[in-house]
Amino acid sequence: LQLGRLLREQGRAAEAVQQLREGLKLDEESSAVRRELLQAALRSGELPLAEEQLAALLKREEDDELLLLAAQTRRLQGDGAGAQAFLQVP
């Protein structure tokens, strides 16, 4: 997790994705690894991977950071209305 985060923060998103995928194999239930993988996937342009991680996370939890990541994912997919829906205050 830490190495993946460090790689992502250094702008080495593709390497971070590889590292975090390995981490997820070791602990498939880790929300922290999935969040990092989601962010790395967004930065590297791997939108299907980002969507997969987002769906898994939203099944278990929902917080402001995750909703922002969901909106960013939708926006990058060209779905402005979907992005806006995640930003709506109930």
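If you read the sequence from its start, that first residue is 1, and numbering goes on from there.
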Quick check: closest heavy atoms across [X] and [Y], and the distance to 0.1 Å?
X   : Y   : value
A32 : L1  : O-CD1, 3.8 Å
V17 : L49 : CG1-CD2, 3.6 Å
A13 : A40 : CB-O, 3.7 Å

field: Co-membership, hydrophobic cluster, residues L69 and V33, 4.5 Å side-chain
entry: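 No, it is not one cluster - the side chains of L69 and V33 are not joined through contacts under 4.5 Å.
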Rounded distance [0.5 Å steps], [atom1] in [X] versus [atom2] in [Y]:
X   : Y   : atom1 : atom2 : answer
L6  : Q19 : CG    : CD    : 10.0 Å
L24 : R21 : CG    : CZ    : 9.5 Å
L76 : E46 : CG    : CD    : 13.0 Å
T73 : D79 : OG1   : CG    : 11.0 Å
E36 : S31 : CD    : OG    : 12.0 Å
L42 : L37 : CG    : CG    : 9.5 Å

Name of the residue among [options] meeting side chain to side chain contact (heavy atoms under 4.5 Å, CB included) with [X]:
X   : options            : value
L38 : Q72, E51, E52, Q53 : Q53
R34 : Q39, E29, R60      : R60
R8  : Q10, R12, R5       : R5

query: Does the salt bridge (Lys or Arg N to Asp or Glu O under 4.0 Å) test come out yes or no for E65 and R35, once each step is laid out?
result: CA-CA 10 Å; E65 179 189 28; R35 281 177 185 258; 2.8 Å; yes
- request: Look at the side chain of S44 and the backbone N and O of A41, then say whether any donor-acceptor pair between them is shorter than 3.5 Å.
  value: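 It does hold such a pair.
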query: Do the side chains of L7 and L20 get nearer than 4.5 Å, heavy atoms only?
result: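 With C-beta onward as the side chain, the pair stays apart.
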query: Take atom CD in Q77; do more than 12 heavy atoms of anything else shown fall under 6.0 Å from it?
result: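 Check passes, neighbour count above 12.
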- prompt: Can you tell me if CG on D63 sees more than 12 non-hydrogen neighbours from other groups inside 6.0 Å?
  reply: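 Yes, CG of D63 has more than 12 neighbouring heavy atoms, counting only those of other groups under 6.0 Å.
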query: E9 and R43: salt bridge (Lys or Arg N to Asp or Glu O under 4.0 Å), yes or no, with the steps?
result: CA-CA 10 Å; E9 289 172 352; R43 288 201 179 166; over 6 Å; no
Derivation and outcome, side chain to side chain contact (heavy atoms under 4.5 Å, CB included), residues L54 and L66: CA-CA 8 Å; L54 178 62; L66 187 56; 3.9 Å; yes
